[in-house]
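A, B, ... follow the sequence lines: proteins, then strands. Residue 1 opens every chain.
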Amino acid sequence: MKISGTICGRPVRVRFAPSPTGQVHVGNIRTAIFNWLYARGTEGKFLVRVEDTDRERSTSEAVEKLFECMSWLGLDYDEEPIFQSGRLSDHVFAAERLLREGKAYKGFHEQAQGVGEPTVFKIPWETDGNPSVRTRGEVAIDVSPEEKLTIDFRGLTCSVPGKNEKPMPFSASLAGFHGLRLFSADGRMLFDMESALDGIFHECKSHEFFKVSRMTFERREVFFDDMVKGTLSKPLDTMKDLVVLRSDGSPVFHLANVCDDIAQQITCVIRGDDHIENTYRHIFLFQALSSDAPSYAHLPMIVNDSGKPYSKRDGNVFAGEFREQGFLPDALFNFLALLGWSPGDGREKMTKPEMAAAFSLPRVLGSPAKFDIAKLAKLNGQYIAEMTTQHFIDTIAGFAKETARERVLQWMLNHPAKFAKAATLMQIRTRILSDCDEWGFFFPGTITYDPKALRKNLREDSRDAIEALRVIFAEFAADEFSAERLEAATRGLEGSRGLKEGLLNRPLRVAVTGRDSGPDLMLVLEMIGKHEVLDRLAALPPAPPLEEEEISAQKQWSTPSG
RNA sequence: GUCCCUAUCGUCUAGAGGCCUAGGACACCGGGUUUUCAUCCCGGCAACCGGGGUUCGAAUCCCCGUGGGGAUGCCA
């Protein structure tokens with residue numbers, strides 16, 4: 001049973017609106033995922049809008065990467081994507097309309113000669129009957145009397161006492177100051193804006209005051225019900241008018257974004273909570289353009305260990321990096337969906353349809369989440385473990401091709417049967433696909449030795465035993481080189497030398513594979529084959545000396561603490 | 001400075017006033033299985049930021065702090 005696909009009767013339409021900057025950040029991916037989940041869970045539409053107005057960074061290559069990333073993750077979308085750059089005339093037209101209707105004005109500051117003036121959207125003065133604005137009551141604010149206070153249709157500018165009474169510049173749109181009155185230090189009223197309103201708005205009158213030490217006004221605030229965070233609000237007297245068209249006539253993000261949301265008939269904007277401040281202003285823009293503001297859901301950010309936005313410095317950030325390291329798209333999708341959201345019943349590993357069915361915006365957390373790569377790796381390993389062996393082999397093969405892993409490709413090409421067998425043995429211990437780089441010991445050729453393993457497991461006595469095993473193994477016919485016989489021979493030597501059963505396994509493993517852990521040793525030996533095993537046993541390198549780092553680490557360990 | 005958002009184990013989270021002796025997962029530590037490792041199973045460690053209220057009762061509601069983040073652009 002699916003949730004109804006409508007809000008107030010309108011079918012759900014959400015969008016993913018990334019800027020194509022070459023790489024797709026995990027934060028953006030998660031935003032896309034939440035949008036997608038919401039659309040799919042409500043039988044709504046998931047749309048894409050490429051916000052490519054930053055021409056410096058937006059290249060066709062970047063756009064291509066973006067779509068490639070979405071398809072990799074299985075983020076299928078419903079209508080033809082739109083490109084913001086192609087909608088320039090619409091944006092400029094909207095700005096002209098705002099100007100014509102007196103909802104915007106030209107010029108903000110004194111501009112340099114010869115340069116045009118920006119178009120500025122005015123936070124509307126008149127808000128009676130506006131369902132997004134409410135009154136919060138009378139407030140009084142201290143003003144620094146030594147600084148000038150000016151009022152005109154563009155807003156109020158003054159200074160307010162900060163720390164140590166030091167005047168801090170303050171400016172805001174006029175819309176926040178209904179019923180404004182200015183007072184001097186001795187409590188005398190200097191100005192009552194009510195009577196001056198006509199002059200300010202119709203004759204562009206400007207007022208200047210000195211020695212104002214207090215102002216009172218009726219505070220009003222813009223508010224909306226965020227589907228994630230609940231009711232959010234901001235006083236109008238803390239807001240400024242915003243530029244919608246630059247001096248050169250190009251639209252800024254706010255205008256383009258709102259126009260396009262209107263054009264795409266977006267019913268719900270799901271985006272990062274770094275946009276909350278924008279939303280307060282966008283609501284007025286929607287209204288000014290005769291459109292109902294969509295509902296909003298602001299997602300908490302993904303942060304690093306220090307609580308800062310997760311960035312390049314913190315490890316993998318881009319979809320491409322996860323892909324190259326061998327994370328599976330479904331695992332990454334699943335993991336990211338669980339950052340800030342949970343189905344509430346303890347389920348973690350879920351399919352896309354399961355997530356879509358369980359997803360709901362009110363269940364999304366309001367607080368930021370840290371990116372824990374270890375948990376992703378575990379989940380990725382689970383996805384790998386649950387593949388059929390054939391699927392795993394195909395996945396590794398595809399991955400090796402895609403990431404141009406020459407060595408791995410050579411193994412596949414030259415020893416297909418052995419490769420398949422190696423994959424079978426390694427699947428359960430693979431967490432990320434790039435782990436396949438470590439499979440070299442299965443195949444003929446030089447192997448690398450873990451120096452620590454070599455030192456620990458191949459001292460003189462065990463080297464002697466290994467040599468004895470080599471001689472025994474050499475007696476085997478090639479077709480007798482089976483796990484059972486190898487096992488029997490090894491156990492036999494241990495018996496005759498009075499060694500504990502199994503004691504030779506580790507030295508033997510290190511001698512042949514270069515490492516001290518891995519799949520069943522005898523199976524591995526059988527796979528590698530008589531010829532190669534004997535070669536390696538004969539060419540055993542000496543144990544390397546302790547490296548300096550390790551020595552100092554050992555010293556630290558042996559130092560009694562406290 | 002001002003404004004906005006935010007606060008449960010190290011991490012992701014469950015938690016809608018009494019089901020809470022705060023549950024699960026990852027990580028970590030022990031034990032079992034595996035002659036290793038991994039998987040799997042069992043167990044352990046480990047949290048309600050602080051202070052005030054409201055209430056018979058607060059992790060949960062309110063206020064004030066504090067910490068973290070964001071905004072304060074003719075960036076997106």
Side-chain angles (χ1 to χ4, degrees), chain A residues 17-19 21 51 53-54 57 84 108-109 111 115-120 141 159-164 166-172 226 228-230 232-235 237-240 242-254 256-257 272-280 298 300-301 303 305-309 335 338-349 362-363 365-379 381-382 385 425-431 457 487 490-491 494 500-506 508-510 515-522:
Chain A
S19 302
T21 54
E51 302 208 329
T53 44
D54 186 344
R57 287 186 294 172
Q84 194 158 70
F108 202 27
H109 301 295
Q111 61 287 328
V115 180
E117 295 179 313
T119 303
V120 184
I141 288 180
S159 290
V160 295
K163 248 183 189 165
N164 312 327
K166 200 181 148 205
M168 304 292 292
F170 171 90
S171 70
D226 190 275
V228 168
K229 303 204 183 222
L232 263 27
S233 64
K234 186 179 175 69
D237 53 288
T238 64
M239 296 175 67
K240 290 181 189 172
L242 71 153
V243 172
V244 287
L245 234 44
R246 299 187 185 88
S247 309
D248 65 4
S250 63
V252 303
F253 159 76
H254 304 289
N257 191 262
D273 66 8
D274 51 337
H275 280 286
I276 290 177
E277 298 279 342
N278 293 333
T279 297
Y280 294 123
H298 287 97
M301 315 213 82
V303 298
D305 285 338
S306 358
K308 302 237 189 304
F335 174 76
L338 256 18
L339 243 40
W341 173 78
S342 69
D345 54 14
R347 280 183 297 168
E348 292 204 333
K349 186 171 176 297
R363 279 203 60 83
L365 252 26
S367 51
K370 284 181 188 163
F371 191 92
D372 180 10
I373 191 96
K375 188 151 181 170
L376 205 210
K378 170 76 178 185
L379 192 61
Q382 277 175 12
L425 291 176
M426 295 308 286
Q427 180 173 0
I428 196 70
R429 45 211 106 208
T430 301
R431 296 202 127 194
N457 298 290
E487 166 101 44
T490 310
R491 296 294 85 87
E494 282 163 357
K500 200 178 140 200
E501 211 171 75
L503 197 75
L504 253 24
N505 270 11
R506 209 182 265 259
L508 183 56
R509 181 189 293 279
V510 175
R515 54 203 65 239
D516 60 6
S517 65
D520 184 89
L521 177 61
M522 300 307 161

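Residues satisfying the side chain to side chain donor-acceptor pair (under 3.5 Å) criterion with Asp226(A), sequence neighbours excluded, are His298(A). Considering only residues two or more places apart in sequence or on other chains, Arg515(A) meets the side-chain contact (heavy atoms from CB on, under 4.5 Å) condition with Glu438(A), Phe441(A), Thr448(A), Thr513(A). Partners of Ala172(A) by side-chain contact (heavy atoms from CB on, under 4.5 Å), not counting sequence neighbours, listed by chain and number: Phe170(A), Phe177(A). Legend: residues meeting side-chain contact (heavy atoms from CB on, under 4.5 Å) with Glu487(A), ordered by chain and number and at least two apart, are Arg491(A), Met522(A).
Spacing of P atoms, A47(B) relative to G1(B), comes out at 33 Å, to the nearest Å. Nucleotides G68(B) and G32(B) are separated by 46 Å at their P atoms, to the nearest Å. For the C1' atoms, the distance linking A46(B) with A22(B) amounts to 12 Å, nearest Å. Comparing the same atom, C1', in U39(B) and in C45(B) gives a spacing of 24 Å after rounding to whole Å. Rounded to a whole angstrom, the distance from the P atom of C62(B) to that of C5(B) is 13 Å. Atom name P, nucleotides G23(B) and G65(B): the rounded distance is 34 Å, in whole Å. The gap from the P atom of U66(B) to that of G30(B) amounts to 43 Å, rounded to the nearest Å. On the P atoms, U34(B) is 22 Å away from C29(B), given to the nearest whole Å.
Of the inter-residue distances, the one linking Glu494(A) atom CD with Leu504(A) atom CG reads 5.0 Å to the nearest 0.5 angstrom.
Between His275(A) and Phe253(A), the ring planes lie tilted relative to each other; the angle falls in the 30° to 60° range.
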Atom pairs under 3.5 Å, N or O on each side, protein against nucleotides 1-4 of chain B: can you list them with distances?
| from | atom 1 | to | atom 2 | distance (Å) |
| --- | --- | --- | --- | --- |
| C3(B) | O2' | Lys234(A) | NZ | 2.4 |
| C4(B) | O4' | Glu277(A) | OE2 | 3.1 |
| C4(B) | O3' | Tyr280(A) | OH | 3.3 |

Please tabulate the protein-to-nucleotide N/O contacts below 3.5 Å involving nucleotides 38-44 of chain B, giving atom names and distances.
| from | atom 1 | to | atom 2 | distance (Å) |
| --- | --- | --- | --- | --- |
| A38(B) | O2' | Ile428(A) | O | 3.0 |

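Stacking between His254(A) and A76(B) is absent: the ring centroid is not both under 5.5 Å from the six-membered base ring centre and under 30° in plane angle.
In this structure, Asp305(A) places its CG atom 20 Å from P of G67(B), rounding to the nearest Å. Counting to the nearest Å, the P atom of U35(B) and the CG atom of Asp516(A) are 17 Å from each other. Here the P atom of nucleotide C28(B) and the NZ atom of Lys375(A) are 13 Å apart, to the nearest Å.
In this structure G1(B) sits in a base pair with U72(B), meeting the Watson-Crick or G-U test at under 3.5 Å. Across the strands present, U11(B) finds its partner in A25(B); the criterion is a Watson-Crick or G-U wobble pair with both atom distances under 3.5 angstrom.
No donor-acceptor contact under 3.5 Å links the side chain of Asp274(A) to the base of A71(B).
Taking the charged nitrogens against the carboxylate oxygens, Arg246(A) and Glu117(A) have no contact shorter than 4.0 Å, which rules out a salt bridge. Between Lys370(A) and Asp305(A), no side-chain nitrogen of the basic residue sits less than 4.0 Å from a carboxylate oxygen of the acidic one, so the salt-bridge criterion is not met.
Considering only the side chain of Lys370(A), C12(B) comes nearest among G68(B), A76(B), C12(B).
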